[in-house]
Amino acid sequence: MLDVKRLRTDLAAVQAGLLRKGVDIDDLTRVVALDEQRRELGERLDEMRARIKDLSRQVGDLRRRGEPDEAEALMAESRRLGEAERDLSARADEVAGDLRDLLLGVPNEPADEAPEGAGESDNVITRVEGADRRWEEYQRVPHWEIGESLGLLDLERGAKLSGSMFVVYRGAGARLVRALCQLALDRNLDAFEEIRPPTLVRTETMISTGHLPKFADDAYHLERDDLWAVPTAEVPLTSMARDEILDEADLPVRLMAHTSCFRREAGSAGRDTRGLLRVHEFDKVEILAYTTPEQAAATHLDLVARAEACLVALGLTYRVVDICTGDLSFSARRCFDLEVYALLVRRLPGPSRQHSLSTR
RNA sequence: GGAGAGAUGCCAGAGCGGACGAAUGGGGCGGCCUCGAAAGCCGUUGUGGGUUUCGGCUCACCGUGGGUUCGAAUCCCACUCUCUCCGCCA
């Protein structure tokens with residue numbers, strides 16, 4: 001959630017930023033108006049409360065001095081003020097609530113460095129890396145076929161246990177998943193504290209990363225306990241510091257975690273759903289850092305470099321895509337997708353696509 | 001799931017309706033003493049919001065949310081979390 005203060009002091013800049021993201025900015029003026037209203041109400045409330053406090057103090061004094069009549073008069077006045085305070089306070093709460101609701105719907109501003117663009121087609125392919133770029137030559141068989149034939153993947157059983165878009169890995173496949181996660185963690189042990197967080201979290205925790213209220217349909221929710229299954233370890237890792245004030249000297253704080261990630265993938269039924277391309281539950285290692293605004297860009301690039309190094313270590317061919325402003329997700333300022341090649345359409349030399357590992 | 005105890009500042013711990021934003025001790029920071037240190041002594045030490053003629057003024061915060069009251073850390077209700085005991089436990 002954006003700091004309202006920025007809207008107060010730098011409205012034009014925020015507007016310009018959101019415009020670059022292609023976001024409707026009508027709401028912003030309403031946000032500013034609400035903020036102003038909230039502060040104005042707050043001031044009046046503060047004054048009223050100060051007066052009530054003062055009166056109460058005087059009542060105490062008068063009582064002690066044995067002047068109950070005078071005290072009674074002040075009490076009456078204070079009572080009147082108290083009623084007014086209650087009304088005003090209710091209005092202030094209402095305004096503050098509206099303000100928060102609106103603010104939660106305002107996306108993060110894109111970074112200055114993010115390339116301009118309206119949508120996916122404007123993303124910038126920064127570079128293509130990898131030992132062997134003739135990936136199409138030998139990737140003629142899609143992974144779900146290799147996986148099944150080698151006994152690494154059991155999609156049928158996955159569907160039996162949990163439904164479509166759930167996977168059972170078996171034998172060497174299961175080991176591979178484990179090894180991959182371990183590799184990713186071990187490579188970053190030099191700078192990142194390893195965390196094993198819960199994967200079921202409170203609503204507040206989901207809100208802290210901007211996943212709620214906006215993406216409620218995409219997350220699994222356990223009604224009975226009011227808990228959410230995390231769509232990424234980013235959620236618990238970010239909330240580790242929620243409501244805490246970190247000492248700037250400790251920054252950047254670097255954390256990483258391997259978790260299962262759960263996504264309902266609502267609205268994407270039928271798209272890229274073969275094999276492992278889009279599944280409801282998968283393993284992911286997240287690396288994350290809390291930084292000062294000044295450290296952010298450089299630290300982000302370090303995260304990208306680390307993710308890339310992992311792909312290089314695996315001997316994979318990939319390309320780096322600098323996501324343009326129009327395609328940047330809700331909470332993102334800047335985003336590099338690291339896309340690893342995978343054959344999507346069986347036995348068609350034509351428009352194969354890439355699948356991405358992303359870094360925000 | 002049942003019964004009980006508790007939650008106060010960086011930590012420990014008092015306060016149980018009126019000068020409490022909070023005693024006291026420890027810790028931290030500054031100073032005195034000292035060749036230096038320890039000990040001792042003196043001082044200082046929360047966060048956030050609003051406003052400001054930048055000296056301040058003011059509000060909120062004692063687990064969270066409500067309520068009672070002229071006035072709440074203190075009383076009432078609900079919830080959360082921690083601890084102890086019992087039960088259950090794939």
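Chain letters run A, B, ... following the sequence lines, proteins first and then strands; every chain starts at 1. Everything numeric here is computed off the predicted structure, so don't read it as measured data.
Here B:G49 is the nucleotide among B:U80, B:C70, B:G49 with the atom lying nearest to any side-chain atom of A:Asp46. Here the nucleotide nearest the side chain of A:Arg8, chosen from B:G50, B:C70, B:U58, is B:G50. Side-chain atoms of A:Arg202 lie closest to B:C81 of the nucleotides B:C81, B:A60, B:U58.
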(request) List the steps and the verdict of side chain to side chain contact (heavy atoms under 4.5 Å, CB included) for A:Glu193 and A:Met256. (result) CA-CA 6 Å; A:Glu193 182 189 357; A:Met256 64 176 171; over 6 Å; no
If you restrict it to nitrogen or oxygen atoms, what contacts under 3.5 Å exist between nucleotides 17-22 of chain B and the protein, and what is each distance?
| unit_1 | atom_1 | unit_2 | atom_2 | d |
| --- | --- | --- | --- | --- |
| B:G18 | O2' | A:Arg64 | NH2 | 2.7 |
| B:G18 | O6 | A:Arg63 | NH1 | 2.8 |
| B:G18 | N2 | A:Ser56 | O | 2.7 |
| B:A19 | N6 | A:Asp61 | OD1 | 3.0 |

Mind listing the N/O atom pairs, protein and nucleotides 88-90 of chain B, below 3.5 Å?
none

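B:G71 and B:G1: their P atoms are spaced 39 Å apart (whole Å). Annotation: B:C79 and B:A73 have their P atoms spaced 23 Å apart (nearest Å). B:C41 and B:G48 have their P atoms separated by 33 Å, given to the nearest Å.
Each of A:Arg6, A:Arg20, A:Arg334 was scored for a salt bridge (Lys or Arg N to Asp or Glu O under 4.0 Å) with A:Glu109, with one residue passing: A:Arg6.
Here A:Arg57 pairs with nothing under the salt bridge (charged side-chain N to carboxylate O under 4.0 Å, His left out) rule; sequence neighbours left out. For the salt bridge (charged side-chain N to carboxylate O under 4.0 Å, His left out) test, residues two or more places apart in sequence or in another chain that qualify with A:Glu40 are A:Arg44. Remark: A:Thr292 engages A:Glu248, A:Leu251, A:Glu294, A:Gln295 in a side chain to side chain contact (heavy atoms under 4.5 Å, CB included) (not counting sequence neighbours). Residues satisfying the salt bridge (charged side-chain N to carboxylate O under 4.0 Å, His left out) criterion with A:Arg127, sequence neighbours excluded, are A:Glu129, A:Glu308.
Atom-to-atom, CD of A:Glu204 to C1' of B:G63 comes out at 15 Å; the value is rounded to the nearest Å. Taking atom CG on A:Leu88 and atom P on B:C59, their separation rounds to 15 Å, with Å as the unit.
Looking at residues 29-45 of chain A, you'll see A:Arg39, A:Glu43 sit with a heavy atom under 4.0 Å from some atom of RNA chain B. Listed by residue number, the members of residues 74-83 of chain A with any heavy atom below 4.0 angstrom from RNA chain B are A:Met75, A:Ser78, A:Arg79.
Remark: B:A5 base-pairs with B:U82. Criterion, Watson-Crick or G-U wobble with two distances under 3.5 Å.
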Show me the donor-acceptor pairs, under 3.5 Å and distance only, between side chains in residues 279-288 of chain A and residues at least two apart or in other chains.
| unit_1 | atom_1 | unit_2 | atom_2 | d |
| --- | --- | --- | --- | --- |
| A:His280 | ND1 | A:Tyr220 | OH | 3.2 |
| A:His280 | ND1 | A:Arg263 | O | 2.7 |
| A:His280 | ND1 | A:Arg264 | O | 3.4 |
| A:Asp283 | OD2 | A:His258 | NE2 | 2.7 |
| A:Lys284 | NZ | A:Thr232 | OG1 | 2.8 |
| A:Lys284 | NZ | A:Glu286 | OE1 | 2.6 |
| A:Glu286 | OE1 | A:Thr232 | OG1 | 3.3 |

Without placing hydrogens or testing angles, list every side-chain donor-acceptor pair under 3.5 Å for residues 72-83 of chain A, not counting sequence neighbours.
| unit_1 | atom_1 | unit_2 | atom_2 | d |
| --- | --- | --- | --- | --- |
| A:Glu77 | OE2 | A:Arg51 | NH2 | 3.2 |

Give the table of side-chain donor-acceptor pairs shorter than 3.5 Å for residues 89-103 of chain A, with sequence neighbours excluded, one pair per line with atom names and distance.
none

Report, one line per pair, each donor and acceptor closer than 3.5 Å where one atom sits in a side chain of residues 176-188 of chain A; sequence neighbours left out.
| unit_1 | atom_1 | unit_2 | atom_2 | d |
| --- | --- | --- | --- | --- |
| A:Asn188 | OD1 | A:Arg306 | NH1 | 2.9 |
| A:Asn188 | ND2 | A:Ala184 | O | 2.9 |

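Regarding contacts with the backbone of B:U68, a side-chain N or O of A:Arg86 is found under 4.0 angstrom from either OP1 or OP2.
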